[in-house]
Peer 1: 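One structure is given below, represented as structure tokens, and several questions about it will come after.
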Amino acid sequence: MDGGHPRSVQTVAGEVSIEAGQVLLDGPGGIAVTMTPAAAAETGRRLLAAADRIATQSAG
């Protein structure tokens, strides 16, 4: 998932809002994403699962 672009690790959570039935994520560094509710829910599940995996690895 690198694509040859340098990555910037964010330490501040994005702001989430809803508008016209869509979920908007405004993150640090100018990140802006608009998703359907279903896509936002699945993204949230994937983010939590990844964070849980890292927490488990760090603890072990």
Peer 1: For the hydrophobic clusters of this structure (ILVMFWY residues joined by side-chain heavy atoms under 4.5 Å, transitively), does one cluster hold both Ile18 and Val16?
Peer 2: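 Yes; Val16 is reachable from Ile18 via cluster members.
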Peer 1: Quick one, Leu25 and Val23 - any side-chain contact, counting heavy atoms below 4.5 Å?
Peer 2: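 Of all side-chain heavy-atom pairs linking Val23 with Leu25, none is under 4.5 Å.
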Peer 1: Around atom CG of Leu47, are there more than 12 heavy atoms of other residues, nucleotides or ligands at under 6.0 Å?
Peer 2: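 It does: Leu47 CG has more than 12 such atoms within range.
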Peer 1: Could you check whether any side-chain heavy atom of Gln10 comes within less than 4.5 Å of a side-chain heavy atom of Ser8, counting everything from C-beta outward?
Peer 2: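 With C-beta onward as the side chain, the pair touches.
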Peer 1: If you look only at pairs with a residue in residues 16-39, which of them pass as a salt bridge (charged side-chain N to carboxylate O under 4.0 Å, His left out), with sequence neighbours excluded?
Peer 2: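 Passing the test, one end in residues 16-39: no pairs.
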Peer 1: When the side chains of residues 49-60 are checked against the rest of the protein, which donor-acceptor pairs come out under 3.5 Å, sequence neighbours left out?
Peer 2:
unit_1, atom_1, unit_2, atom_2, d
Thr56, OG1, Asp52, O, 2.9
Ser58, OG, Ile54, O, 3.0

Peer 1: Tell me the closest heavy-atom pair linking Gln22 and Met35, and the distance in Å.
Peer 2: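 Heavy atoms only, the tightest pair is OE1-O, 3.3 Å.
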Peer 1: Distance-only check: which donor-acceptor pairs under 3.5 Å involve side-chain atoms of residues 36-44, not counting sequence neighbours?
Peer 2:
unit_1, atom_1, unit_2, atom_2, d
Thr36, OG1, Ala39, N, 3.1
Glu42, OE1, Arg45, NE, 3.1
Glu42, OE1, Arg45, NH2, 3.0
Glu42, OE2, Arg46, NE, 3.0
Thr43, OG1, Ala39, O, 2.8

